[in-house]
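In this text, all values refer to a predicted model and were calculated from it rather than measured experimentally. Because only heavy atoms are used, hydrogens play no part in the values below, and waters and symmetry mates are left out as well, while side chains stay in.
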Amino acid sequence: MSHVRSIRSRIHDLIEEAWAGATTSGALPPIEADARPAFEIERPANPDHGDLAANLALKLARPMRRSPLQIAEALAEAMATVPSSMALSEVTVAPPGFLNMRLSPRWLEGLLDEARAAGDDFGRVAQAAPRHFNVEFVSANPTGPLHVGNARGAFVGDLLCRVLEGAGHEVTREYYFNDAGLQIRNLGASVTARKLGEAIPEDGYHGAYVDDLANELPDDVWEAANEEGADREAVVADWAQERVRAGIEASLQRLGVHFDVWKSESSLHDEGWVSRSVERLRDAGHIYEEEGATWFRSTAFGDDKDRVVYRSGGQPTYFASDIGYVSEKFSRGFDKLIYIWGADHHGTVARVRNAAEAMGLPVDEVEMLLVAWVRFVREGVEIAMSKRTGEFLTLDELLEELGVDAARWSFASRAASSPIDVDLELAKKQSAENPVYYVQYAHARISSILAKAAGAGLVPAADFTNVLHGDDVASGLARETLRLPEVVEDGARDEETHGITTYAMELATAFHAFYRDRRVVDVDDPQTSAGRLALVGVTQAALRNALALLGISAPESM
RNA sequence: GCCCCCGUAGCUCAGUGGACAGAGCAGCCGCCUUCUAAGCGGCCGGUCGCAGGUUCGAAUCCUGCCGGGGGCGCCA
């Protein structure tokens, strides 16, 4: 696999080198290692400030007790002397102490060569220390089909996994489902009642899918359920639960989301993870008995109150399973666990992390990412989301209305922590105007150009020498195209994906501008055509790879 | 009452320590005999919830307040 390092990290190295050089030569005073500030390299909004700007001099002003402008001058001078300085065509100092840089077209041409050679791997980032992540998401109980409320977690989780993989990490996608609790039993009771033509119990499930399950219940299961001594509702529940789970898996498949591991709560009990983990807590002195129940002293780790692990009847709580689960996950060798939960679970974050800490597990590697609520509204009226009343919009229905690409885009382009409102009538109307098509269109347009060129016997240049030389428009497109690795780095660092949608939009805009200003296919000028064909080829790969990170298709024609 | 999240343009959302605050949609005005007009150009639009503070620099960090949502079970 061949990666292309981000421009930002290369320039960062260049400036570090210049800093070291300026220190050695005495142009800048040495500072203590622990006073060394971190500094940023950014893309200035104002083009007059160059292609890149660094704020190192501003950061050094305090520890060096010198004016930032002086420091910036010294750094700029030192930058001219380091071997990699050929990357920059210009370095200027701007108040209050920014280093503004322009990238040399020649250097960018070399990067384009690398990017083309990387192909589908362009945009993937080499990871010095790759980690193995366990990302657990959706994890809805198999008591009914997935509804739109589950959609955001499914997309956010999958998108996060794709970005982590793009940044060089290994990821296991995991779905945890409760097959041991009261809710499953209620599902069994509901289906049984329907099968018998009786009224569904008050706390049962009422959706139309319950009728479907009753109708589909195989005769042999029903017979087994009715055998002497059999727990009829439990037998029906076992069958129904698996049936619903398989339906959930199929729905997720339609979203382009697949899971590596389906983990059941009962397996944690069967394999002894729950009891062993509670014993581990007890050995560490964090378990006590009171009022007949068994408690975890969560308050010792800053929680509001202690938490029950075994009820006074002896049954384990859901929290007990969480404790067993976190140990079980680490036993599989993951470096980091990410739980993607709905915002309504924030109250359980502390207790699970506290239990991990109490068991001596690396609590800093246990992260809960809370996904904000989505309110679905139709014509101004909120759609109730209750599995119990059976009034909900399913995930499949949402996809029917929106389409996978548009749905993925709409969730990818917003921070997971932001609560959002989706008016379905509006969403349907806007799906035709969705920015996702703008990006796909740029990709398809390039396909069309490449096909046209091939038909005219034009071939892309073998290398990028002089392709950008003297052409600001081409250089602009190249800079934008070569920004992808940076965007992936940011996404993995922030565990967010909306940077990628923003980038995809900006790259599409840059391409459309190039299309307007530069003719690619020109049989009268095969040399120029060859260069531009090579350039838009890399741009197309960047678009395709960015869309792939989002799980969105890159059509050849529209 | 305590805890968490959110408050940026008419709408939906980016920007979370850097240089005059951005995009999409909506609205208005232009551009197809030329590689896909699902495109391009232009205009309109914001006391970044409010008030203090920290900083060379604050939409961004801190404190308080206002508004919206969520959570505080021997449910899951």
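Here, U60(B) and U8(B) have their C1' atoms 11 Å apart, quoted to the whole Å. With C1' as the reference atom, U63(B) and G73(B) are 34 Å apart, rounded to whole Å. Separating the C1' atom of G24(B) from that of G1(B) is a span of 42 Å, rounded to the nearest Å. Of the C1' atoms belonging to A14(B) and C31(B), the separation is 30 Å, rounded to the nearest Å. Rounded to whole Å, the separation between the P atoms of G7(B) and G49(B) comes to 8 Å. On the C1' atoms, C44(B) is 11 Å away from C29(B), given to the nearest whole Å. Comparing the C1' positions of C28(B) and C61(B) gives an interatomic distance of 41 Å, to the nearest angstrom. A distance of about 16 Å separates the P atoms of G41(B) and C32(B), rounded to the whole Å.
In C32(B) the O4'-C1'-N dihedral to the base is within 90° of 0, which defines a syn nucleotide.
Relative to the six-membered ring of Trp262(A), Arg245(A) meets both conditions, a distance below 6.0 Å and an angle of at most 45° to the axis. Remark: Arg36(A) is positioned above the aromatic ring of Trp19(A), its terminal NZ or CZ atom under 6.0 angstrom from the ring centre and at most 45 degrees off the axis. Cation-pi geometry between Lys329(A) and Tyr339(A) is met: under 6.0 angstrom from the ring centre, within 45 degrees of the axis. Under a cutoff of 6.0 Å and an axis angle of 45°, Arg445(A) and Tyr515(A) form a cation-pi pair.
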Please tabulate, one pair per line, each protein N/O and nucleotide N/O from nucleotides 2-10 of chain B that are separated by under 3.5 Å, including the distance.
unit_1	atom_1	unit_2	atom_2	d
C3(B)	O2	His346(A)	NE2	3.4
C5(B)	O2'	Ser417(A)	O	3.2

Under 3.5 Å, which N/O atoms of the protein pair with N/O atoms of nucleotides 29-34 of chain B?
unit_1	atom_1	unit_2	atom_2	d
U34(B)	O2'	Arg519(A)	NH1	3.1
U34(B)	O2'	Arg519(A)	NH2	3.4

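A search for ring pair (Phe, Tyr, Trp, His ring centres under 6.0 Å) contacts involving Tyr503(A) returns nothing, not counting sequence neighbours.
Summarising the geometry, the separation between CG on Asp517(A) and C1' on G39(B) is reported as 13 Å, rounded to the nearest angstrom. Counting to the nearest Å, the C1' atom of G73(B) and the CZ atom of Arg311(A) are 10 Å from each other. To the nearest angstrom, P of C75(B) lies 20 Å from CG of Leu187(A). If you measure from atom OH of Tyr318(A) to atom C1' of C75(B), you get 11 Å, rounded to the nearest angstrom. Rounding to whole angstrom units, CZ of residue Phe514(A) and C1' of C40(B) are separated by 15 Å.
In this structure, Ala57(A) and Gly97(A) approach most closely via the heavy-atom pair CB-O, 3.4 Å.
A donor-acceptor contact under 3.5 Å is not formed by the side chain of Thr317(A) with the base of C74(B). Counting atom types as modelled, Asn55(A) pairs no side-chain N or O with a base atom of A19(B) as donor and acceptor under 3.5 Å. Residue-to-nucleotide contacts include a donor-acceptor pair under 3.5 Å from the side chain of Glu291(A) to the base of C74(B).
Arg62(A) has a side-chain polar atom (N or O) that falls below the 4.0 Å cut-off from OP1 or OP2 of C56(B). For the pair Tyr438(A) and C25(B), the criterion of a side-chain N or O lying under 4.0 Å from OP1 or OP2 is not met.
Residue-nucleotide stacking is present for Phe98(A) and A19(B), judged by a side-chain ring centre under 5.5 Å from the six-membered base ring centre and planes under 30° apart.
Side-chain contact check for Tyr438(A) and Thr509(A): at least one donor-acceptor pair (N or O, by modelled atom type) lies under 3.5 Å. With 3.5 Å as the limit, one finds no donor-acceptor pair spanning the side chains of Gln241(A) and Asp179(A).
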Practice problem: Would you sketch RNA chain B in dot-bracket for me? Only Watson-Crick or G-U wobble pairs with both distances under 3.5 Å count, crossing pairs as [ ], other-strand pairs as |, the rest as dots. | Solution: (((((((..((((....[...)))).(((((.......))))).....(((((..]....))))))))))))....
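No contact: Leu182(A) has no heavy atom under 4.0 Å from any strand. When heavy atoms are screened at a 4.0 angstrom cut-off, Thr348(A) is found touching base atoms of the nucleic acid.
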Extract all donor-acceptor atom pairs below 3.5 Å that involve side chains of residues 549-558 of chain A and protein atoms in other chains or at least two apart in sequence.
unit_1	atom_1	unit_2	atom_2	d
Ser553(A)	OG	Asp405(A)	OD2	2.6
Ser553(A)	OG	Gln440(A)	NE2	3.3
Glu556(A)	OE1	Ser447(A)	OG	2.6

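Near RNA chain B, meaning a heavy atom under 4.0 Å from it, residues 493-503 of chain A has His498(A), Thr502(A) in order of number.
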